[in-house]
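Values reported hereafter were calculated over all heavy atoms of this structure, with side chains retained and with hydrogens, waters and symmetry mates removed. All values derive from a computational prediction rather than experimental measurement.
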Amino acid sequence: MKFASSYEPNQYEADIYGAWEAAGIFDPKLTTKPIDSDGDGVDDRLESDPSTDRQEGENPRTFSIVMPPPNANGNLHIGHGLTVALEDSLTRYYRLRGASSWYIPGADHAGFETWVVYERNLEAKGHTRFEFDRDELYARVWDFVAEQRGSMELQLRALGASCSWGDLTFTLDENVIDRVYTTFEKMWNDGLIYRGEKLVNFCPKHQTAFADIEVEHKDEKGTLWDIEYKLVDGFATSLIVSTTRPETLFGDMAVAVNPEDKRYKDLIGKHVKLPLTDRTIPIVADEHADPEYGTGAVKITPAHDFDDFEVGERHSLPRLQVISEDGHMINVPEEYEGLTTAECRKKVLKDLKHQGLLKGEKKIIHSVAHCYKCGTVLEPMLKEQWFIDVEKLAKTAIAHLEAGDIKFHPANKQKVLINYLKNLKDWNISRQIPWGIAIPMFRKVDGSATDEPEWIFDRRTNLKEIEKGGVKYVRDEDTFDTWFSSSHWPIVCTNWVEENYNPYYPLNVMETGADILFAWVARMIMMGLYVTGEVPFKEVYLHGLVLDSKGQKMSKSKGNVINPMELVAKYGSDAFRLGILRGRSAGMNQAFSEQSVVSGRNLCNKLWNISRLIQSFVDENGEKESKDSISKHGAGADSHFDNGRGRESGTEIPGRVRPTRCKNDDREPTAVGDEQTESLLSVSRRRPAVFKSTLRNTTFDSYTTENMGEDWICRELNDCLSQVEDDMKNYRFSEAVETLYSTIWDKYADWFLESQKIFKNIPLLKQTLETILIALHPFAPFVTEAIWQNLSWTKGFIAVAKWPARLNFDPISAENFENIRTIVSEVRATLQALPGTNNAKKYGLLFDNDSLMQDNQMLIKILTKVPTVNALNGAPRGLRLALANHELYLDVPAKVVEDYKDSLTKHILAVGRELDGLNLRMMNPNYVEKAPAHLVLETKQQIAEKEKLISRLKAQLSLI
RNA sequence: GGGUCGCUAGCUCAGUUGGCUAGAGCGCUUCGUUUACACCGAAGAGGUCAGGAGUUCGAGCCUCUUGCGACCCACCA
């Protein structure tokens with residue numbers, strides 16, 4: 001026997017992935033040919049109406065999905081593991097359903113993240129970024145990334161991601177930069193881009209600005225100081241202002257009070273002397289000042305506070321920057337110049353106290369902005385940056401969202417996103433780090449012609465200086481926020497171009513983490529609509545965080561990080577995928593434990609053994625069957641994958657599949673390597689062609705069902721398929737896995753296979769096994785393929801098999817098997833409850849006047865494992881089983897029956913309680929009148945059944 | 001301040017438009033090595049569905065309310 005007694009994933013996974021990849025089955029451009037049903041030589045897709053082409057129905061012709069690009073030089077973490085499990089299950093499912101499926105992998109240059117790592121590296125070697133210019137740094141980081149690159153791609157393969165590797169998109173690929181520049185130029189021309197001096201969140205350590213979204217707010221203890229600002233112009237009074245940042249008083253341009261605040265009404269328009277300086281500043285009226293807070297008077301520092309900036313704008317106040325980018329005081333009186341902000345705060349407080357101007361302090365909790373990477377307190381900094389005016393973009397996006405153009409999973413995220421977009425502020429896209437896409441803007445050199453615009457767009461960002469029309473311009477040294485480029489992801493991955501119908505855009509679904517709904521999904525939607533006029537994807541599936549087994553967030557500092565690759569190595573890729581999908585629903589942060597992976601591993605092993613048993617039945621079936629099979633399928637024995645099981649050779653290591661294309665003998669030649677494909681490949685980056693798979697396989701022998709168990713399993717498998725199809729349509733991965741798990745284990749193995757140990761309907765065994773293998777393949781690709789390759793009769797790759805058709809069966813017979821199951825369970829339970837052990841071997845089963853029992857004696861005997869099943873032929877004896885519709889007895893001695901009395905009494909009471917409940921319901925006239933008729937009828941039947949059961953149990957009891 | 005989510009068995013979670021006795025995995029108890037599988041088989045215990053009120057013939061599900069917990073956005077001089 002070629003199947004080992006347990007499934008060892010490590011023996012198969014790498015080889016199987018290699019074989020898939022070599023066969024090119026993950027690339028829709030290689031495995032498919034044009035759909036040309038009308039025979040006019042043109043792909044129907046390209047001539048059909050796009051709106052009707054992407055049908056909503058069960059079987060889309062194309063399925064496209066992009067991978068949220070993992071960091072090119074990093075390792076995958078548990079979240080990537082979940083992402084791949086979700087995306088790949090979808091991809092494989094739709095591939096089996098016959099869609100031309102394109103899962104496009106990516107790699108992220110991870111602008112800021114990578115830069116932080118690189119800079120740390122640089123500093124460790126005693127260098128700083130300031131020793132190099134941007135181009136040098138860019139080249140150095142490029143090399144750094146190139147060195148580290150590749151491991152995540154191997155890890156994606158280990159997870160079984162069936163993505164089209166030839167289409168891998170790196171976020172710094174030329175076509176990406178091209179597309180980003182095109183968009184930027186369009187926005188520039190449309191007036192959506194502006195350069196503004198605004199306050200930005202600036203990290204003094206990393207020396208770069210962030211978008212609002214990247215800022216992390218944390219509650220912290222702080223101090224609120226009251227400082228006295230004295231009025232000038234001969235007034236004797238003074239104002240007390242409250243502040244948490246006394247050092248910024250040098251940048252104060254006004255003191256604001258609320259216009260409604262009676263206390264200060266007369267002071268509006270007067271001036272105060274700014275302490276520690278010679279300056280005087282005005283008192284202005286502004287809503288921003290809250291009369292309830294502190295003293296109701298607030299100092300205004302437009303250059304160092306977001307609110308003050310706005311107050312400053314309203315009152316046309318000048319802005320004075322008093323903190324430099326590296327966190328030192330500038331533009332301040334000499335004795336403070338050059339101090340750090342912390343030193344300056346100390347000195348200011350001391351000097352104020354000395355002058356008697358410090359009037360009080362109290363401890364408060366307030367939220368403070370931090371760098372999400374290093375935790376440094378961010379400094380609001382006045383800087384010139386590029387901004388996108390998001391108003392129109394957001395409005396368009398909201399309109400499409402409200403129209404329901406994108407379906408969300410979970411659904412509530414649609415509302416959340418709309419709410420976010422409604423309050424969206426302009427987007428700062430400038431970053432002061434060299435690792436990223438250069439902003440293609442050039443500034444006129446001072447002294448040049450004055451009537452030229454100050455800034456011009458130009459793609460030649462490789463040049464520091466350019467000349468246009470005799471005017472010299474220098475390059476802006478900033479790079480784009482990575483979200484600006486990655487908001488183009490669906491566009492660039494699918495090679496969308498203007499004026500060309502692209503069957504893969506919009507994507508069928510965007511799957512990503514719920515935590516980047518705003519940062520990424522929102523921006524992809526805005527950008528997709530702006531660039532293509534269409535939403536970039538039809539549906540969004542958001543996954544939550546994977547928490548540790550105690551529900552805690554994983555973090556290095558807590559030491560509770562689970563490495564997906566360790567689990568894959570220990571239990572296999574399939575086990576990991578099954579484990580992480582189980583018990584998880586869209587958008588929820590949910591715990592994850594190794595235990596669920598163990599359970600996945602067990603299922604794989606179960607499936608392996610199911611297949612092993614069936615193969616042994618097939619082998620046993622002997623010569624005749626093998627001859628039949630040869631005449632039907634042609635010489636099935638000479639395939640590339642055949643490893644000689646059941647035949648002569650038997651020398652090869654089990655499961656060592658050779659990397660080769662496909663074992664389909666009658667396949668049409670795959671396009672790999674031929675001229676047509678070469679030319680196809682070369683144009684494919686521009687315009688993807690749509691093809692239909694040629695790699696379909698699998699022809700079933702016909703079968704006839706010969707007992708109730710066979711009809712029943714057909715029905716159960718059909719139900720399972722419907723359930724899985726419905727679950728996949730609605731992105732209920734956990735439920736799909738759960739359904740498959742229980743169908744395979746609790747139904748197929750525990751009931752059907754047990755019964756087949758005597759009946760052995762070989763054609764049906766083959767077909768049903770293929771059904772469960774294919775249905776599970778999207779979730780457990782490796783073990784199903786390993787089995788497929790080891791079975792003697794299967795062809796090709798399961799990865800490109802046809803989704804199973806419904807099985808034919810007799811529904812009455814299938815339903816009757818439920819009776820058999822009830823009987824068998826009751827026999828087992830009763831035997832278990834009887835005193836003594838090994839009861840199943842001791843007592844036979846007797847039936848009276850029962851055709852179901854008569855016809856299925858053999859089936860009942862093997863399932864219950866009792867030694868005999870016989871007709872009663874005479875007076876009842878032994879123990880009557882608690883079954884309403886069948887008169888069955890366990891042939892036990894009177895003494896044993898006596899001992900069983902107690903549990904029988906208990907049983908009668910339990911049934912009695914159920915009966916009471918049912919009767920109560922029927923006595924309610926409203927129920928009888930208003931509930932649907934079929935429910936009322938059902939209740940009536942149940943009452944009748946329970947009554948029958950109770951009277952029989954009572955009769956049994958009285959006999960004892 | 002605005003918004004979202006959660007509370008169901010010891011643990012982690014399902015429960016799709018309200019409808020039979022509320023489910024699964026793991027854990028637990030008992031029995032069992034029967035020629036696929038101990039990564040196994042059989043049987044079983046365990047739940048006032050966070051509390052309260054309402055709508056309904058009927059509520060885990062709908063409405064209101066209270067409590068506890070998590071998260072996001074904005075603000076916090």
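The cationic atom of A/Arg523 (NZ for Lys, CZ for Arg) lies less than 6.0 Å from the six-membered ring centre of A/Trp427 and within 45° of the ring axis. Figure legend: cation-pi geometry between A/Lys760 and A/Phe617, with NZ or CZ positioned under 6.0 Å from the six-membered ring centre and within 45° of its axis.
The aromatic ring centroids of A/Tyr541 and A/Phe733 lie less than 6.0 Å from each other. Aromatic pair A/Tyr12/A/Tyr7: centroids less than 6.0 angstrom apart.
The side chain of A/Lys757 lies closest to B/A36 when the candidates are B/C13, B/A24, B/A36.
With hydrogens and angles left out, the side chain of A/Lys865 and the base of B/A42 share no donor-acceptor pair within 3.5 Å.
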Taking only nitrogen or oxygen atoms into account, show me every contact under 3.5 Å that the protein makes with nucleotides 4-8 of chain B, one pair per line with its distance.
from: B/U4; atom 1: O3'; to: A/Asn412; atom 2: ND2; distance (Å): 3.4
from: B/U4; atom 1: O2'; to: A/Asn412; atom 2: ND2; distance (Å): 2.8

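Among the protein residues, A/Glu8 comes within range of the nucleic acid bases, having at least one heavy atom under 4.0 Å from a base atom. Nucleic acid contact class of A/Arg584 (heavy atoms, under 4.0 Å, all strands): none. Nucleic acid contact class of A/Lys425 (heavy atoms, under 4.0 Å, all strands): sugar-phosphate only. Nucleic acid contact for A/Pro925: none, since no nucleic acid atom lies under 4.0 Å from a heavy atom of the residue. Across all strands, A/Tyr571 comes closer than 4.0 Å to no nucleic acid atom at all (heavy-atom distances).
OP1 or OP2 of B/C71 has not a single side-chain nitrogen or oxygen of A/Asn589 nearer than 4.0 Å. For A/Gln832 and B/A45, the shortest distance from a side-chain N or O to OP1 or OP2 is not below 4.0 Å.
Under the Watson-Crick or G-U wobble criterion, with both distances below 3.5 Å, B/C71 is paired with B/G3. Pairing for B/C11 goes to B/G25, judged as Watson-Crick or G-U wobble with the two contacts each under 3.5 Å.
A/His409 pairs with exactly one of A/Glu539, A/Gln414, A/His543 by the side chain to side chain donor-acceptor pair (under 3.5 Å) rule, that one being A/Glu539.
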